[in-house]
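The structure presented is a predicted model; accordingly, all values stated were derived computationally and were not measured. In what follows, chains are A, B, ... by sequence order, proteins preceding strands, each numbered from 1.
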2 protein chains.
Amino acid sequence: MKIGELAQRAGTSVKTIRYYDRVGVLCPEERSESGYRLYGEDALDRYRFVRAAQAVGLRLGEIREIIALRDRGETPCGFVVDLIGRRAAELDARIAELQVLRDELRSLDRRARHLDPRRCDPRLVCHVIDAGA
Amino acid sequence: MKIGELAQRAGTSVKTIRYYDRVGVLCPEERSESGYRLYGEDALDRYRFVRAAQAVGLRLGEIREIIALRDRGETPCGFVVDLIGRRAAELDARIAELQVLRDELRSLDRRARHLDPRRCDPRLVCHVIDAGA
DNA sequence: CTAGAACCTCCCCTGGAGGGGAGAGTCAAG
DNA sequence: CTTGACTCTCCCCTCCAGGGGAGGTTCTAG
């Protein structure tokens, strides 16, 4: 199967499939004499795996490592478990940061509603934000 | 005051100050004959305002708009309140997304610990992720 | 007067996952 | 035989807030 058919059956773009080849997560089985990428049926499963892994927040570089382990005959489970554990911890930290920021915005918002714009200090750009700094 | 002194007193880099000029959030009062940026004392307050606005998640383009309103003699409060309200709503949405993702990762993690790597289907890249797809 | 510090503009680089398009080769049907 | 669809590689562009450095002025202290 050539790249166009794979892209269509996978419901994605030719550009994406080429990009996946380039970063090493979905390489063609072989090339035709003229250099066309040729894929087998399993390319479709591989594509779905890549998407599933992306959907849980893994980056293509990490997905490539998982695939490389598998291709070396090792079971990547341990690596994957580590990876998702770390990613979950990172997410926790990120979520906490965003919550702090959101709470700050909410309190700025509440305070701003009690401020009178006419009592703005003309020397400041905006007392809503200056006051919150 | 020239750019180097401003950068030092503000505790930032010359590059950053030049960048702020370029995007229009902190422009010099004037230029010397030789083209050097010359700043007044208020540049320091302006700088702090920009940093405060960045700290609550506003982008330089938005900060520029706030400053532009102010420079046109309008009070940007309404605009700012809208902006932070929208940003807070965006953050809520983003936080919810990340929480979903994190919960998914946690459940993958829990399930993975009960799987036996030796029972991995060799045709799959990784049953941990495939199973979660 | 001269060395070196400070300043200028201009251009490329980062990271992630591709998108857009140029220019050229290849393949199938009419 | 030709046309049009498909494919190839290569290069630039996106977003964001700058960082790095080249190559060229200008200022300042000794």
Kindly give the atom pairs (protein nitrogen or oxygen, nucleotide nitrogen or oxygen) under 3.5 Å for nucleotides 19-23 of chain C.
| residue | atom | partner | partner atom | Å |
| --- | --- | --- | --- | --- |
| C:dG19 | OP2 | A:Ser13 | OG | 2.9 |
| C:dG19 | OP2 | A:Thr16 | OG1 | 3.3 |
| C:dG20 | N7 | A:Lys15 | NZ | 3.1 |
| C:dG20 | O6 | A:Lys15 | NZ | 2.8 |
| C:dG21 | O6 | A:Lys15 | NZ | 2.7 |

Report summary line: Contacts of B:Arg18 meeting side-chain contact (heavy atoms from CB on, under 4.5 Å) (sequence neighbours excluded), chain-then-number -> B:Ile3, B:Val14, B:Arg37
Query raised in the report: Of all residues at least two apart in sequence or in a different chain, which pass the side-chain contact (heavy atoms from CB on, under 4.5 Å) check with B:Glu33?
Result: none
Query - Nucleic acid contacts - residues 28-45 of chain B versus DNA chain D, non-hydrogen atoms under 4.0 Å - result: B:Ser34, B:Tyr36
Check nucleotides 14-16 of chain C for protein N or O atoms closer than 3.5 Å to its own N or O atoms and list the pairs.
none

Could you list the donor-acceptor pairs under 3.5 angstrom formed by side chains in residues 23-31 of chain B, with sequence neighbours left out?
| residue | atom | partner | partner atom | Å |
| --- | --- | --- | --- | --- |
| B:Arg31 | NH1 | B:Gly35 | O | 2.9 |

Requested in this report: Look at A:Arg113 together with A:Asp109 and state whether they make a salt bridge at an N to O cut-off of under 4.0 Å.
Outcome: yes
Query raised in the report: In degrees rounded to 10°, what angle is found between the helical axes fit to the five outermost pairs at each end of the helix from C:dC1-D:dG30 to C:dG30-D:dC1?
Result: 40°
Requested in this report: Taking side-chain hydrogen bond (donor to acceptor under 3.5 Å, both in side chains) as the test, write out the residues that go with A:Tyr36, two or more places apart.
Outcome: none
Report task. List in chain and number order the residues that pass side-chain contact (heavy atoms from CB on, under 4.5 Å) with B:Glu62, two or more places apart in sequence or in another chain; answer none if no residue qualifies. Result -> B:Leu58, B:Arg59, B:Leu83, B:Arg87
For nucleotides 28-30 of chain C, give me every protein contact, N/O to N/O, under 3.5 Å, one pair per line with atom names.
none

Query raised in the report: Listed in order of residue number, which residues of residues 81-96 of chain B have a non-hydrogen atom at under 4.0 Å from DNA chain D?
Result: none
Query raised in the report: In chain order, what residues pass the side-chain contact (heavy atoms from CB on, under 4.5 Å) check against B:Gln99, with sequence neighbours excluded?
Result: A:Ile95, A:Gln99, B:Ile95, B:Arg102
